[in-house]
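Inspection log for the structure reproduced underneath, given as structure tokens.
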Amino acid sequence: MSHSALDSGPAAAGSPAAVDPEPGQKRAASTPPVRKRLRSFLPYGLILPAAILELLIHIGPMLLGIWIAFISLTQLNLTNWLNAPFVGLQNFINGLNPDSTIGQAFFSTVGRTLGYTILVVGFSWVLGMAGAVFLSSNFRGRALLRTFFLVPYALPAYVGTIAWAFMFNQRDGAVNQILVDTLHLFGDERPFWLLGQNSFGAMVIVNVWQLWPFAFLMLMAALQNVPTDVYEAAAIDGATLWQQFRRITLPMVRPANGVLLMVMSLWTFNQFNVPFVLFGATSPKEATLISPLIYQNSFGSWNFGLGGAMSVLLLIALFIASAFYIRMVLPKGADND
Amino acid sequence: MIETRNFRILRTIVLTILSLWVAIPLFVVVSTSLKPLKDVSGLFQWIPREITASPYLDIWTTVPLAKYFQNSLIITVCATACSVTVAVLAAYAIARLQFKGKRAFSLTVLSTQMFPGILFLLPLYLIFTQIRNMTGLQLQGSYLGLIITYMTFTLPFAIWMLSGYFASIPKELEEASMIDGTGRMGALFRVILPVAKPGIIAVAVYSFISAWGEVLFASVLTNESTKTLSLGLKAYASESDVFWNQLMAASVVVSLPVLIGFILVQKHLVAGLSSGAVK
């Protein structure tokens, strides 16, 4: 159903691309040399604007970011950064030494961010799977619910976070009203949710609320490829719902899962918006993630060298992660090559 | 799965819980946005004692919301339009043409899509500073500066999604057109673009949504006159009083354009996302 945009068009009439093995070679003999040369420039002409932009907005800044990690860049020479002194590995030694306070903060932030990623992605996956499984069967109101479940994902990220910040309000927020006044948990004490220990959990909840619809969307697309007669056969053989889920649904979504979990993990690992809107420019120390930490070091305490050194480590980690991601995605893209 | 009785009962329970989970924050936003200020502080009331539209009228004067709206709109529309235009050409080349360096190019696009804005923020800030020192062109706090930075995440996404989408269109379509003598570019513009229109619109809406919600670049690269909605909303809370009712009313107003756009294209979005990224 979700593929209707593609399938119902005139496009659907033709069979897959197997008919034409090499369009370039086939017509080479009959094409005049000038047109042929023009055609060999065509791909480069088409990617040129994108390649220039990639160079300007990604490659250049990335190389400059690496350079920053090796110079002494402070508030004082920020406007004249080309003349900032080269300090070699000093930023890494000063800032990321596991024995120093900053270094310990950095490594515990990395650990915390990993834990945060596992929790957020795990919960989002479970909720998304539950929604996808129970919306894959047909019933009245299904289309409406499907759209409704996607609303948190479509909402601007800061709007959802502001709503939760209001609900987590210690004095008169909706969360404490339910937990303390209605359910009488925590006795008479109204816990703080956006300060101290609890802030980490609050941030997980907000992020899951925003992310789970994405898992729902992708898993629903994957489940549409499962033929219903497989379930029918299983039901006739006496398989319980749980067995059907374990033995049919889970294996069928496995191909989609790899990329889905990878993408969600990278997004969550890099999360900036949720803590920034929930806590402001400086997160509580129990809830500081890696992106906000780099931000705080760079634009909060103007320690750009340290921010740069941390960025380089993050860059290396993400390069490794995206290598995995690309390996998972590219078998599909490989037939284009 | 098979709709046994148990399945139906379980379905009702799970879908009710999920609906409440989604609905409660949305309900809190809407109900708060309709309350007078005196009813917003103190214990939270689920049902407003008194309903008023005044927060929706006051938001425009408490904070220059219209100005922020205009800034967000200009920056987001330009970033989206540039990304989609550039991406259509590049994505077509990736999906259909053979050329040296294609793999390197696709890998670059694919991997930069995974990198967070924080990695590009400081370097771009420094580049903008250098440009100002050398040419006097002020990019910090300008529309152009923000449009460029927003393309760091809209462009790779658009290229990747569109190349997946184009690849799923049968080649016979363009071949027929090329035999009729339109050439490659003619086939692209006359055949592929019309067929791929739903996918292009979905990618555009998706880019629009992510740019509309952007916070990081806006927090460093805007000034008073180019501030976007994501930062402008903070002004309702910056004084000693927090105008929660107005903040929620503004949240509703800010969300409506993207929500409407999203609901209109969500079917195509599902198709685009699942053929482009996960399949």
Side-chain angles (χ1 to χ4, degrees), chain A residues 2-3 5-6 9 11 14 17 20 24 43 46-47 49-50 53-54 57-58 61 64-65 79 81 130-131 134 137 147 149 152 154-159 162-164 166-167 172 174 177 218 221 231 235 241 244 256 259-260 266 270 272-273 276 291 294-295 298 311 315 318 322 326 336-337, chain B residues 1-3 7 11 14-15 18 22 25 28-29 41-44 86 89-90 93 97-99 103 105 108 110-112 114-116 118-120 122-124 126 129 151-152 155 167-172 184 195 198 212-213 215-216 220 230 244 251 255 258-259 262-263 268 270-271 274 278:
Chain A
S2 64
H3 300 277
L6 293 176
D20 184 351
L46 288 174
I47 65 162
L53 274 167
E54 277 288 323
I57 62 181
H58 284 131
L64 181 54
T79 49
W81 58 273
F134 288 106
S137 57
T147 309
F149 284 175
L155 229 49
Y158 54 89
V159 168
I162 287 172
W164 278 100
F166 180 58
M167 288 168 55
D172 41 35
Q177 204 211 331
M218 290 297 155
Y231 289 113
L241 286 178
Q244 290 177 35
V259 180
L260 171 66
L266 283 165
N270 296 331
F272 177 83
N273 291 352
F276 188 79
S291 278
I294 294 175
Y295 183 89
S298 303
S311 300
L315 188 67
L318 289 174
S322 39
I326 286 165
N336 301 336
D337 270 287
Chain B
M1 289 209 210
I2 305 306
E3 295 203 27
F7 181 80
R11 180 171 73 190
V14 170
L15 293 183
L18 285 177
V22 172
V28 167
V29 170
S41 54
L43 268 191
F44 180 76
V86 171
L89 302 177
L97 304 174
Q98 309 300 318
F99 57 96
R103 201 178 154 79
F105 180 71
T108 308
L110 191 54
S111 55
T112 52
M114 308 321 300
F115 294 155
I118 192 75
L119 287 181
F120 306 112
L122 181 58
L124 281 165
L126 293 180
T129 306
M151 290 183 77
T152 58
L155 182 68
S168 68
I169 297 171
K171 284 185 181 150
E172 287 80 358
R184 269 268 171 217
V195 172
W212 194 253
V215 173
L216 174 65
V220 171
S230 55
W244 280 113
S251 298
S255 307
V258 291
L259 266 189
F262 180 83
I263 288 168
H268 302 313
V270 180
S274 51
V278 183

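The analysis underlying the following values was restricted to heavy atoms, covering all of them including side chains, and did not include hydrogens, waters or symmetry mates.
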Checklist entry - So L315(A) and F115(B), side-chain contact (heavy atoms from CB on, under 4.5 Å) or not? Walk me through it. => result CA-CA 8 Å; L315(A) 188 67; F115(B) 294 155; 4.1 Å; yes
Next on the checklist: What part of F99(B) gets within 4.5 angstrom of chain A, counting heavy atoms only: side chain, backbone, both, or neither?
Outcome noted: both
Item to check | For chain A, the option from T152(B), V86(B), V29(B), T129(B) that forms the most heavy-atom pairs under 4.5 Å | outcome: T152(B)
Next on the checklist: Please enumerate all residues that pass side-chain hydrogen bond (donor to acceptor under 3.5 Å, both in side chains) together with S111(B), with sequence neighbours excluded.
Outcome noted: none
Next on the checklist: Is the shortest side-chain heavy-atom distance between L241(A) and F7(B) below 4.5 Å?
Outcome noted: yes
Item to check | Check: I57(A) and F120(B) side chains under 4.5 Å, non-hydrogen atoms | outcome: no
Item to check | Side-chain touch L110(B)/S322(A), heavy atoms, less than 4.5 angstrom | outcome: no
Next on the checklist: If you define the side chain from C-beta out and look only at heavy atoms, does anything of S311(A) sit under 4.5 Å from L122(B)?
Outcome noted: no
Checklist outcome for this item: Counting heavy-atom pairs under 4.5 angstrom with chain B, the leader among P152(A), S298(A), G131(A), A174(A) is A174(A)
Checklist entry - Short question: side chain of W81(A), backbone of L126(B) - any donor-acceptor pair under 3.5 Å? => result yes
Checklist outcome for this item: Bottom line for W244(B): the part with an atom under 4.5 Å from chain A's heavy atoms is side chain
Item to check | Region of Y295(A) that comes under 4.5 Å of a non-hydrogen atom in chain B | outcome: both
Checklist entry - Which pair of heavy atoms, one from L155(B) and one from A50(A), lies closest together, and at what distance? => result CD2-O, 4.4 Å
Checklist entry - Hey, are the side chains of N270(A) and I118(B) touching, using non-hydrogen atoms and a 4.5 Å cut-off? => result no
Checklist entry - Can you find a pair of side-chain heavy atoms, one from L318(A) and one from P116(B), that are under 4.5 Å apart? => result yes
Checklist entry - What part of L18(B) gets closer than 4.5 Å to chain A, counting heavy atoms only: side chain, backbone, both or neither? => result both
Next on the checklist: At a heavy-atom distance under 4.5 Å, which candidate from L119(B), V258(B), L124(B) has the highest pair count against chain A?
Outcome noted: L119(B)
Checklist entry - Can you tell if the side chain of V28(B) reaches within under 4.5 Å of the side chain of F166(A), non-hydrogen atoms only? => result yes
Next on the checklist: Using every non-hydrogen atom in the two residues, find where P25(B) and A163(A) come nearest and quote the distance to one decimal.
Outcome noted: O-CB, 4.2 Å
Checklist outcome for this item: Residues P123(B) and L64(A): closest non-hydrogen pair is O-CD2, 3.5 Å
Item to check | Interchain contact, L266(A) with chain B, by part (heavy-atom threshold 4.5 Å) | outcome: side chain
Next on the checklist: Is V22(B) close to chain A through its backbone or its side chain, or both, or neither, when contacts mean heavy atoms under 4.5 Å?
Outcome noted: both
Next on the checklist: Can you confirm whether L259(B) sits close enough to L155(A) that some side-chain heavy atom of one is under 4.5 Å from a side-chain heavy atom of the other?
Outcome noted: yes
Checklist outcome for this item: Comparing L43(B), I263(B), T108(B), L216(B) against chain A, the one with the most heavy-atom pairs below 4.5 Å turns out to be L216(B)
Checklist outcome for this item: Hits for side-chain hydrogen bond (donor to acceptor under 3.5 Å, both in side chains) against Y158(A), two or more places apart or cross-chain, chain-then-number order -> none
Checklist entry - What distance do E54(A) atom CD and T112(B) atom OG1 have between them, rounded to the nearest 0.5 Å? => result 4.0 Å
Next on the checklist: Restricting to non-hydrogen atoms, name the atom on V14(B) and the atom on A130(A) that form the minimum distance, rounded to 0.1 Å.
Outcome noted: CG1-CB, 3.9 Å
Checklist entry - Looking only at heavy atoms, what is the nearest atom pair of S251(B) and V159(A), with distance? => result CB-CG1, 3.8 Å
